[in-house]
Amino acid sequence: MTSPQLPPNAYTDAPQQHPNLILGSLQLLFWLVFRPSAWRNHLERIDPALDSDSSPIILLRQGRWRNLALWRLFIQGYFILPILVNLLLGLVLWTLGEPIANIAFRVAVGVAVGVAVGVAVGVAVGVAVGVGVTINSWRPVLSFPFLILWNSLLYRLDKGRNGRSSCLLRFHSAFWDEWQHLHLPGLDKHLLFIIENNPVEGEAALEYLNTSPQRWAAQAAQIELDARSLQGCTDVKAIGKAHRSLVTGELESEVSHLLQIFSRISEDVDAALNQASTYNQRLLLRDVADKLNLQLQNFARSSDKYTARFYPIIKSWREIVTNYIDELAKITELRQQIDSPYITGNPITLEQEIFTGRDDIGLRIEQLLLDHRRPPLLLYGQRRMGKTSLLNNIGKLLPNNIIPIFVDLQGAPSSASDHAGFLYNLAREMEKSAKKQGVTLPSLAREVLESDPFTYFDEWLDKVEQALEQNTALLALDEFEVLDNAIAKGRFNEQDVLGMLRHLIQHRPRFKVLLAGSHTIEEYQRWASYLINVQVVHISYLKEAEARQLIERPVKDFTLRYEPNAVERVLQLTRCHPFLVQLLCAEMIVLKNEQDPSIRRLATLADVEAAIPEALQSGGFFFADIQNNQVDATGKDILCFIAAQGEGVIVSRQTLLQQFPDADITFNLLLQRELIEEVNDGYGFQVELIRRWFVSK
């Protein structure tokens with residue numbers, strides 16, 4: 001429905017016909033010559049069976065005589081139009097000096113013959129359409145100079161009116177001459193002027209032009225609008241929001257590429273600003289500043305007109321981000337705040353400095369990758385034990401000739417609806433991950449996969465191996481359980497997907513496959529039958545030295561110092577669990593920043609104890625996952641019973657079996673989940689903080 005703020009019949013291919021018979025007939029003639037889409041839509045409104053090749057007479061003969069609009073078209077097409085056309089012809093003859101008597105005779109004969117032939121044959125409208133098509137093969141070229149003058153006049157008049165509604169842009173030939181495929185100069189500027197001064201009408205015009213022969217003008221205007229929008233980002237908050245309004249896929253390729261650069265930078269800034277601590281904000285923003293410096297160099301080397309337009313914008317963004325980083329540093333120092341480097345909500349990324357330890361696991365993986373049998377690997381560990389963080393940073397632990405390619409199966413691959421979507425998303429994630437390692441993989445179009453997905457994916461892997469040159473790819477598939485769920489639900493075929501993985505392992509020596517999850521392969525029998533000789537790499541608690549480093553020296557220039565007994569208490573409470581160490585230390589920093597500056601930068605045993613309730617509350621999602629997803633009702637009861645006995649208490653097996661007879665399977669599950677441990681024929685919690693959570697349950 002047309003907006004009430006727009007002029008009637010403006011920026012539409014389905015305008016309404018004028019109610020006056022004479023003016024409406026002239027309008028039909030205009031549509032036939034200049035606007036065939038309006039003509040077709042008009043016929044559709046009259047009768048769905050009526051098109052440009054059919055005759056109103058035939059439809060009337062078929063019993064549609066009650067259709068008044070059809071009778072109106074009949075009268076206009078077979079009577080009024082022939083009269084008007086012949087009168088126009090007479091006017092032309094008169095201007096050429098033909099005697100009045102001859103003109104009158106010719107017009108009378110022309111009208112009579114036109115009406116008679118039209119009614120008898122029923123083809124008057126069809127003939128008019130044919131004449132229109134013939135004319136429009138040469139008319140646009142001849143009329144082009146006159147259209148330029150006409151359109152320029154409209155632009156000047158609109159500027160003089162300051163774009164007030166209703167704008168004269170609607171009379172521009174781009175909106176009524178559908179046969180004109182030559183670029184109409186100045187249309188993009190006129191369109192931009194209207195968008196700025198009359199947004200409602202401007203947006204309607206932009207939408208119309210996007211599907212017209214003058215689409216170039218809509219694209220040019222949209223590019224400039226995007227550039228002005230990006231240029232209007234004068235602080236980091238505005239930069240962080242910019243990606244939400246950018247549409248990068250609908251413009252020509254080189255501009256789309258530029259907008260994608262700005263969109264990714266905006267997303268990175270947004271992610272940085274959402275960090276809880278100013279330290280992590282500065283850390284991520286420094287990475288953004290590095291990317292901006294690199295892009296600025298690339299922009300400076302390009303002579304492309306669009307790059308030149310966006311160059312000052314990216315230069316401005318770099319200055320804004322750099323200045324904001326400096327401001328954060330000054331504020332932190334002025335307030336003597338402690339920057340928290342700890343990451344508790346998301347895995348540690350490659351750029352974040354806090355990743356600590358795991359050298360032994362890196363060495364174990366490296367040794368298995370050298371095994372000539374090429375066994376698949378399983379990185380197994382409980383949730384929040386640092387599996388994804390390790391995979392994000394595993395390149396730091398492996399030789400340079402091993403290229404980690406990380407794919408989170410919890411994301412797009414396993415959410416696809418068919419095999420083509422799964423393989424397309426898998427290839428796309430592989431390409432993105434390899435790019436972070438400095439390796440460019442060939443792209444894989446989704447359309448290619450539609451007919452025979454696994455064959456074309458296999459051919460793509462051939463090209464990937466060529467791109468790897470002498471390197472080896474470590475394909476790390478995180479959260480493999482999610483893919484298993486998709487197979488179980490019937491979205492993917494087990495034999496096709498797992499068979500593809502088995503074939504990759506067995507026949508592509510340049511690829512090594514590592515699965516990661518919180519379950520063993522034995523818990524998923526379908527995987528065990530396809531992936532023979534899986535080698536398990538267990539990831540568990542940090543070593544004590546690694547945990548101490550995470551507590552006392554998580555990053556360079558860390559300003560918080562610990563009393564020795566405070567460090568020992570953190571180790572006791574967390575058992576060097578990487579997530580819990582970070583959780584407890586992060587809450588301690590929050591509490592310390594609320595204290596007087598004179599005691600702020602020294603952590604005591606009392607500070608550790610004060611941070612425990614806050615850690616249990618803020619880490620509720622972690623503890624609730626144990627309770628709701630990792631144990632059954634009996635397991636929860638056992639944990640609550642042991643927890644109630646107090647810190648460090650070992651409950652004898654006999655006592656537990658008296659309370660929970662026939663619970664051997666549950667005990668084994670709790671041991672496998674690393675929630676309890678067996679000590680001297682009894683059981684106790686492995687981690688004190690987890691015990692404290694179950695005390696309250």
Side-chain angles (χ1 to χ4, degrees), residues 268 271-272 275 279-280 282-291 294 341-371 377-381 384-408 429-441 468-479 510-516 535 537-558 576-579 581-582 585:
D268 290 344
Q275 295 295 313
Y279 174 83
N280 284 321
R282 290 211 322 266
L283 184 67
L284 295 184
L285 286 174
R286 280 200 295 265
D287 182 59
V288 173
D290 291 340
K291 292 179 180 177
L294 178 62
Y342 296 108
I343 311 294
T344 57
N346 297 299
I348 300 172
T349 65
L350 183 64
E351 297 80 15
Q352 291 168 321
E353 185 184 348
I354 196 173
F355 180 76
T356 303
R358 303 303 193 186
D359 294 337
D360 56 331
I361 297 179
L363 180 60
R364 169 69 173 156
I365 292 174
E366 181 181 351
Q367 291 171 343
L368 290 172
L369 293 179
L370 296 175
D371 192 326
L377 310 182
L378 171 65
L379 181 65
Y380 165 73
R384 297 286 171 176
M385 201 62 82
K387 295 184 296 296
T388 304
S389 296
L390 173 64
L391 295 180
N392 282 337
N393 291 271
I394 200 169
K396 300 174 182 177
L397 307 176
L398 297 175
N400 293 334
N401 65 327
I402 298 177
I403 309 299
I405 298 180
F406 172 74
V407 177
D408 183 2
E429 293 301 312
M430 291 172 63
E431 184 181 354
K432 287 165 59 178
S433 180
K435 191 171 185 179
K436 292 181 180 179
Q437 308 296 328
V439 177
T440 301
L441 299 185
L468 290 172
E469 296 179 348
Q470 302 304 314
N471 298 312
T472 298
L474 175 61
L475 179 57
L477 304 176
D478 197 14
E479 302 287 355
R510 305 289 295 283
F511 276 93
K512 310 292 183 180
V513 174
L514 182 151
L515 305 176
Q535 299 297 302
V537 179
H538 187 207
I539 180 171
S540 187
Y541 306 110
L542 294 170
K543 294 179 179 180
E544 183 177 314
E546 295 171 342
R548 285 183 182 276
Q549 179 182 335
L550 185 58
I551 297 167
E552 298 180 284
R553 301 180 306 281
V555 293
K556 183 181 178 181
D557 298 328
F558 187 54
C576 304
H577 190 300
F579 170 76
V581 169
Q582 294 200 77
C585 290

Seminar exercise, completed: Ala271 meets the side chain to side chain contact (heavy atoms under 4.5 Å, CB included) criterion, sequence neighbours left out, with none
Seminar exercise, completed: Contacts of Glu429 meeting salt bridge (Lys or Arg N to Asp or Glu O under 4.0 Å) (sequence neighbours excluded), chain-then-number -> Lys432
For this session: Could you please spell out the steps behind the side-chain contact (heavy atoms from CB on, under 4.5 Å) verdict for Leu474 and Thr472?
Result: CA-CA 7 Å; Leu474 175 61; Thr472 298; over 6 Å; no
Seminar exercise, completed: ring pair (Phe, Tyr, Trp, His ring centres under 6.0 Å) filter on Phe558, not counting sequence neighbours, yields none
Would you mind writing out the side-chain donor-acceptor pairs for residues 550-557 within the sub-3.5 Å range, not counting sequence neighbours?
none

For this session: Sequence neighbours left out, what passes side chain to side chain donor-acceptor pair (under 3.5 Å) with Glu544? Give chain and number order.
Result: Arg548
For this session: Return the set of residues passing side chain to side chain contact (heavy atoms under 4.5 Å, CB included) with Lys543 (not counting sequence neighbours), or none when no residue passes.
Result: Asp360, Glu546
Problem set entry | Partners meeting side chain to side chain contact (heavy atoms under 4.5 Å, CB included) with Asn471 (sequence neighbours left out) | Asn401, Ile403
Problem set entry | For Ser540, side chain to side chain donor-acceptor pair (under 3.5 Å) partners two or more places apart | Glu674
Problem set entry | Minimum-distance pair of heavy atoms, taken over all atoms of Met385 and Pro578 | O-CG, 3.2 Å
Exercise. Roughly how far, to the nearest 0.5 Å, is CG of Leu515 from NZ of Lys387?
Worked result: 12.5 Å
For this session: Could you pull out the closest heavy-atom pair between Asp478 and Phe406, with the gap in Å?
Result: CB-CE1, 3.5 Å
Problem set entry | Closest contact, heavy atoms only, Gly362 versus Leu398 | O-CD2, 3.7 Å
For this session: Please name the pair of heavy atoms, one in Tyr380 and one in His538, separated by the smallest distance, quoted to 0.1 Å.
Result: O-CD2, 3.2 Å
For this session: Using a 4.5 Å cut-off on heavy atoms from C-beta on, say whether the side chain of Met430 contacts that of Leu475.
Result: yes
Exercise. Partners of Arg358 by side chain to side chain donor-acceptor pair (under 3.5 Å), sequence neighbours excluded?
Worked result: none
For this session: Could you check if a side-chain atom of Leu514 sits within less than 4.5 angstrom of a side-chain atom of Leu369, using non-hydrogen atoms only?
Result: no
Problem set entry | Residue from Leu391, Ile405, Val439, Asp408 passing side-chain contact (heavy atoms from CB on, under 4.5 Å) with Ser433 | Ile405
Exercise. Between Gln582 and Tyr342, which heavy-atom pair has the shortest distance, and what is it?
Worked result: OE1-CA, 3.5 Å
Exercise. Which distance, rounded to the nearest 0.5 Å, do you find between the CG of Leu363 and the CG of Leu397?
Worked result: 10.0 Å
Exercise. So do Thr388 and Asn392 actually touch side chain to side chain, heavy atoms under 4.5 Å?
Worked result: yes
For this session: Measure the spacing between NZ of Lys396 and CG of Asp359 and express it to the nearest 0.5 Å.
Result: 11.5 Å
For this session: Quick one: list whatever passes side chain to side chain donor-acceptor pair (under 3.5 Å) with Asp268, sequence neighbours left out.
Result: Lys291
Exercise. Side chain to side chain contact (heavy atoms under 4.5 Å, CB included) with Val537: which residues, sequence neighbours excluded?
Worked result: Ile361, Arg364, Ile365, Leu368, Leu379
